[in-house]
Amino acid sequence: MSTDTIAPAIPDLSDPATFASGVPHQTFDAVRQMPGLYWQPAKAGTLNGGFWCITRHADIVEIERNPEVFSSQWGPFFPTLPAPHPEFSHNIMYNDPPVHSRLRRAAARSFGPRVIANFDTWVREIVVEVLEDITARGEVNWVGDVAAIVPSRVIARVIGVPHQDRQRIVDWTLTIFDAAEQPNGGESILALLPDVHTYLEQLRTDKLRDPQDDFATVLAQCAERGEITDPEYLHYLTLLLIAGFETTHTVIAQSMRLILEDPQIADATDRVIAAGNLDGLVDEFLRYVTPAMNMARTVTRDIDFHGTQMRKGDLVQMFFTAANRDPAVFADPHRFEPLRTANEHMAFGNGPHHCIGKNLAKLELKILFEEMHRRGVSIALNGEPRRGWSTFINKLLSLPIVVTTADRREARS
């Protein structure tokens, strides 16, 4: 493997330990400034022994526009599959056009007007329920009691999962994400799918018998009409369980950690919420946190990419977290600035695979901030935050807090 740059000072970006104390933004800055691309060797999880680190915003845009050369069929993240797998061929994330395009059209129907019309009401009810719970308890773990609960209940409601089954969504999602990071050719994920798919098959039967304004009903009807296959129905709903949870879960967790640990971010957040510019605030937290730090593509033929010689089978690791700090796109990129006039972040990916549910994710964070402000909910650290080790997710495992409200603070004064 010929490389453009040899940089022994760059830490191992294939090792979760490199991300243990935080996202290595200084490293990504150094990699971005190198001529050409940086090759990261990897002991497992790739076809050719490593991956190209894509850290420039423009390079990611270019790669995502060319799925013929940069394919998702070996998997959309590191570690990848050793070969395209028949089971994953039904999954929209593991497909390129034209199959991806057909599945995307069916997926878009699940976000139809009748379903979307319910989003604000559903999300607000769930957020209020969670805030009432944590204010009554006083001392909680923000990650487990808020960041995990809000999106899991929202996605369960949007899909049409019965209330009593909501905890299954949390458990399955966390387990599947852990399995995705195991370098064993997707076997860990495959082992989990039978239980999930059995549940979703029963859900489809229930929705066809008693249709509702929810995703499962829309997709079950698409399968009934032959627009998608039965396995495609199962894989898309499984993907919704995961993708509908993780981005929102992580941005809710990490945004509150930033507010609690950085007085400047806390002050900027208070000012923006008071001014009602919540859309800009939400986008800036998404850019600054970048919950899913990267996605991967596999090169289908030898190619010269702006002077870098890529071989067939090479993995390109698109570091969205680095692109979201690219000074060519974002002025003063390491500064938290919710009043940016243009914020073309990649927290939801880019190109054909950009997240179809991004507006729902944004709505959850926006309503959470709105309701906390309206109810006078205030929180303070009650211990040390605990970060997870992952090359994929900007993971926060624990954020112990004390919760108070304006009424309680007045009663004590």
Side-chain angles (χ1 to χ4, degrees), residues 67 71-78 80-81 84-97 99-112 115 151-152 154-161 165 168-181 186 188-201 203-204 207 214-220 222-223 227-250 291-292 294-297 347-361 364 392-393:
S71 174
S72 299
Q73 293 184 50
W74 285 261
F77 38 73
F78 166 80
T80 56
L81 304 175
H85 194 286
E87 182 65 30
F88 291 115
S89 68
H90 308 295
N91 190 312
I92 190 171
M93 291 287 287
Y94 290 75
N95 273 286
D96 305 315
V99 174
H100 175 272
S101 304
R102 175 178 59 80
L103 293 174
R104 181 88 179 188
R105 286 192 295 272
R109 292 191 179 183
S110 62
F111 286 85
V115 177
S152 63
V154 168
I155 201 61
R157 182 65 186 87
V158 167
I159 287 175
V161 171
D165 293 340
R168 289 193 187 191
I169 305 303
V170 179
D171 295 341
W172 276 333
T173 299
L174 295 176
T175 304
I176 289 172
F177 260 93
D178 288 341
E181 297 189 62
S188 294
I189 296 179
L190 288 170
L192 298 171
L193 291 182
D195 286 346
V196 179
H197 286 179
T198 297
Y199 178 82
L200 295 178
E201 285 171 349
L203 188 64
R204 174 176 55 192
K207 296 301 179 182
D214 54 42
F215 284 10
T217 297
V218 173
L219 291 169
C222 283
E227 296 168 13
I228 58 175
T229 66
D230 289 347
E232 287 167 351
Y233 158 86
L234 294 172
H235 275 273
Y236 185 62
L237 272 188
T238 303
L239 175 63
L240 282 176
L241 295 179
I242 301 167
F245 173 85
E246 183 49 52
T247 296
T248 317
H249 163 245
T250 297
N294 50 69
M295 285 286 177
R297 301 288 182 261
F348 295 107
N350 186 262
H353 283 274
H354 75 276
C355 178
I356 197 170
K358 64 181 181 181
N359 290 331
L360 177 59
E364 292 176 55
F392 181 30
I393 300 298

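- Shown here for Leu219 and Ala106, the closest heavy-atom pair between the two residues is CD2-O, 4.1 Å.
- Between Asp230 and Ala223, the shortest heavy-atom contact is OD1-CB, 4.0 Å.
- Between atom CG of residue Leu203 and atom CG of residue Leu234 there is a gap of 10.5 Å, rounded to the nearest 0.5 Å.
- Residues Val158 and Asp214 approach most closely at O-CB, 3.2 Å, considering heavy atoms.
- A distance-only check finds no donor-acceptor pair linking the side chain of Asn95 to the backbone of Ser72 [under 3.5 Å].
- Among all heavy-atom pairs drawn from Phe392 and Asn294, the shortest one is CE1-O, 3.1 Å.
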Item to complete: Applying side chain to side chain contact (heavy atoms under 4.5 Å, CB included), run through Thr247 and Phe348 and close with a yes or a no.
Response: CA-CA 8 Å; Thr247 296; Phe348 295 107; 3.7 Å; yes
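- For the residue pair His353 and Arg104, the shortest heavy atom distance occurs at C-NH1, 4.1 Å.
- In this structure, Tyr199 OH and Thr238 OG1 are separated by 12.0 Å, a value rounded to the nearest 0.5 Å.
- Listed for the His235 side chain is a donor-acceptor partner under 3.5 Å among the backbone atoms of Glu87.
- Remark: side-chain polar atoms of Thr250 are paired, donor with acceptor, to backbone N or O of Glu246 under 3.5 angstrom.
- Ring geometry, Phe77 versus Tyr94: the interplanar angle exceeds 60°, so the pair is classed perpendicular (tilted spans 30 to 60°).
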Worksheet entry | side chain to side chain contact (heavy atoms under 4.5 Å, CB included) assessment of Arg157 paired with Val154 | CA-CA 5 Å; Arg157 182 65 186 87; Val154 168; 5.8 Å; no
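- Counting all heavy atoms, side chain and backbone alike, Leu200 lies closest to Tyr233 at O-OH, 3.0 Å.
- No donor-acceptor distance shorter than 3.5 angstrom exists from the side chain of His197 to the backbone of Pro194, with no hydrogens or angles considered.
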